[in-house]
Amino acid sequence: YMCSLELPKSVIKQIDKFRKKCLWQGAEINTRKPPKAAWKMVCASKEDGGLGVINIRKQNEPLLLKNLHKFFNRMDTPWVSLVWEKHYRNGRLPNHIKKGSFWWRDILKLLPKFKNFTRVNVEDGQSCPFWTDNWAPNAPADAAPELYSFAKNKSISVHTALIAENHSDFFHLPLSQEALTQMQDLVHGMEHMTLTEDRDKWSYIWGSTSFSSSRIYRELMDHPVVNQAYKWIWECPCQPKHKVFFWLLLKDRLSTRNIL
């Protein structure tokens with residue numbers, strides 16, 4: 001379910017309620033013991049000073065991001081072909097305007113996060129937005145902001161930009177002197193690029209073209225600087241309940257006199 005749909009907040013809240021009871025109350029169903037540590041602290045990874053309990057909301061996102069991985073790599077899957085054919089023919093690409101079913105609109109909410117983790121190696125250029133994607137060392141919208149402000153269509157593909165005979169047709173004229181200089185630099189930088197018949201290849205910040213939900217989950221989590229002692233706790237050979245006890249001790253979450 002989490003691989004297909006965004007979990008409602010109410011569902012996540014109820015699941016976390018049961019998990020908290022299991023962690024802090026155990027078999028004592030009727031007890032009213034308060035939790036000994038904040039849930040955010042518990043969900044931090046063991047390397048970051050937490051207990052390593054999965055954050056369901058954060059885990060839901062990388063599982064859904066795999067759908068964007070399939071979409072932009074144009075995998076041979078019926079729904080991928082259907083979405084491309086239905087909504088993104090004639091060089092159109094996903095942008096801030098969300099269209100399609102409720103499921104696809106929910107997936108598109110994660111588009112900025114997907115782009116933060118990816119870089120595209122241009123082949124045919126049809127799945128790569130020209131202005132905003134990291135197909136160059138810097139996205140053209142960032143490298144040429146003045147020129148970007150003159151663009152008529154801010155969601156054209158790299159394919160559309162490279163096959164154009166007159167690049168000035170993409171802009172509202174006349175251009176300012178700064179925008180003209182940026183256009184000349186941009187066109188000069190594209191002169192060495194050639195399109196192929198292969199599909200664009202999307203890679204990730206960890207240097208692989210393979211999607212990894214666990215890697216993205218770790219990237220989405222906070223990584224504070226923590227004491228080395230937390231690493232020693234989980235490496236020691238004692239029982240898990242003793243490890244949790246010493247973890248609570250380091251966090252100053254035990255029911256000692258000074259916090260009662």
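- Formation of a donor-acceptor pair under 3.5 Å by the Y217 side chain with backbone atoms of N55 is found in this model.
- The OG1 atom of T209 lies 10.5 Å from the CG atom of N121; values are rounded to the nearest 0.5 Å.
- A centroid separation of less than 6.0 Å is found between the aromatic rings of F71 and W104.
- Between the side chain of N166 and the backbone N or O of S168, at least one donor-acceptor pair lies under 3.5 Å.
- Within 6.0 Å of the NZ atom in K40, the count of heavy atoms belonging to other residues, nucleotides or ligands does not exceed 12.
- L7 and F18 sit in two unconnected hydrophobic clusters of ILVMFWY residues. Membership requires side-chain heavy atoms under 4.5 Å apart, directly or through other members.
- Atom OG in S149 sits 7.5 Å away from atom CG in L147 (nearest 0.5 Å).
- Judged as a salt bridge (charged side-chain N to carboxylate O under 4.0 Å, His left out), the pairs with a partner in residues 114-137 (not counting sequence neighbours) are, in order, R74-D124, K115-D133, E123-K201.
- The closest donor-acceptor contact from the side chain of K251 to the backbone of G49 lies under 3.5 Å.
- Under the 3.5 Å distance criterion, the side-chain polar atoms of W131 are left unmatched by any main-chain donor or acceptor of I156.
- Between L68 and F117, every side-chain heavy-atom pair lies at or beyond the 4.5 Å cut-off.
- Within 6.0 Å of OH on Y1 lie more than 12 heavy atoms contributed by other residues, nucleotides or ligands.
- Of all heavy-atom pairs between S210 and S208, the closest is N-OG, 3.0 Å.
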### Message
For W135 and F130: C-alpha separation, side-chain torsions, deciding distance, then whether ring pair (Phe, Tyr, Trp, His ring centres under 6.0 Å) applies.
### Response
CA-CA 8 Å; W135 57 271; F130 174 76; 5.5 Å; yes
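- F170 and A161 get closest at one heavy-atom pair: CE1-CA, 4.0 Å.
- Annotation: cation-pi geometry satisfied between K154 and Y148 (NZ/CZ under 6.0 angstrom from ring centroid, within 45° of ring axis).
- Cluster membership for W79 and M2, using ILVMFWY side-chain heavy atoms within less than 4.5 angstrom, is shared.
- Going from atom OG1 of T181 over to atom CG of L175 covers 10.0 Å, rounded to the nearest 0.5 Å.
- Within a 6.0 Å sphere centred on NZ of K243, other residues, nucleotides and ligands contribute more than 12 heavy atoms.
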### Task
Could you go through the side-chain contact (heavy atoms from CB on, under 4.5 Å) check for K20 and Q25 one step at a time?
CA-CA 8 Å; K20 292 172 186 177; Q25 299 177 8; over 6 Å; no
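- One N or O on the side chain of N73 and one on the backbone of H69 form a donor-acceptor pair closer than 3.5 Å.
- For the pair K70 (side chain) and D76 (backbone), a donor-acceptor distance under 3.5 Å is absent.
- Between S213 and P62, the shortest heavy-atom distance links the atoms O-CB, 3.5 Å.
- A distance of 9.5 Å separates CG of L111 from CG of N116, quoted to the nearest 0.5 Å.
- Judged as a side chain to side chain donor-acceptor pair (under 3.5 Å), the pairs with a partner in residues 223-237 (not counting sequence neighbours) are, in order, D48-H223.
- In this structure, W103 is not a member of the same hydrophobic cluster as L82, with clusters built from ILVMFWY side-chain heavy atoms closer than 4.5 Å.
- With a 4.5 Å cut-off on side-chain heavy atoms, P140 and D142 do not count as touching.
- Counting heavy-atom neighbours within 6.0 Å of K86 NZ, excluding the residue itself, gives a total of 12 or less.
- In the hydrophobic clustering of this structure, V187 groups with L180; members are Ile, Leu, Val, Met, Phe, Trp, Tyr whose side-chain heavy atoms approach within less than 4.5 Å, directly or through other members.
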### Query
Yes or no on side-chain contact (heavy atoms from CB on, under 4.5 Å) for F171 and K152, after CA distance, side-chain angles and deciding distance?
CA-CA 5 Å; F171 305 101; K152 294 179 181 178; 5.6 Å; no
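- Side-chain contact check for Q182 versus P145: some heavy-atom pair is nearer than 4.5 Å.
- Using the six-membered ring where Trp is involved, W84 and Y88 have ring planes that are perpendicular, over 60° apart on the 30 and 60° scheme.
- Taking CG of L23 as the reference point, atom NZ of K36 lies at 10.5 Å (rounded to 0.5 Å).
- Counting heavy atoms from C-beta on, the side chains of H188 and Q184 never come closer than 4.5 Å.
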### Task
I would like to know whether N60 and E6 meet side-chain contact (heavy atoms from CB on, under 4.5 Å); could you show each step before the answer?
CA-CA 7 Å; N60 194 192; E6 181 182 12; 4.2 Å; yes
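- When all heavy atoms of F150 and P174 are compared, the pair lying nearest together is CE2-O, 3.4 Å.
- Between F114 and Y204, the angle of the ring planes goes over 60°, which puts this pair in the perpendicular group of the 30/60° scheme.
- For the pair Q126 (side chain) and S157 (backbone), a donor-acceptor distance under 3.5 Å is absent.
- Between D16 and R19 there is a salt bridge, with a side-chain nitrogen of the basic residue lying less than 4.0 Å from a carboxylate oxygen of the acidic one.
- Note that CZ of R105 is 7.0 Å distant from OG of S101, once rounded to the nearest 0.5 Å.
- Within the 3.5 Å criterion, the main-chain N or O of C3 finds a donor-acceptor partner in the side chain of N67.
- Contact annotation: the side chain of N134 never approaches that of T118 to less than 4.5 Å [non-hydrogen atoms, C-beta and beyond].
- Under a 3.5 Å cut-off, the side chain of S212 and the backbone N or O of R215 do form a donor-acceptor pair.
- In terms of modelled atom types and a separation under 3.5 Å, the side chain of D200 and the main chain of V122 share no donor-acceptor contact.
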### Query
Given the rule in the side-chain contact (heavy atoms from CB on, under 4.5 Å) test, do E146 and S176 qualify, once you have shown the distances and angles that lead to the verdict?
CA-CA 8 Å; E146 179 72 11; S176 67; 3.1 Å; yes
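- No single ILVMFWY cluster, assembled from side-chain heavy atoms under 4.5 Å apart, contains both L65 and M221.
- Defined by atom type and a distance below 3.5 Å, a donor-acceptor pair is present between the side-chain atoms of W202 and S127.
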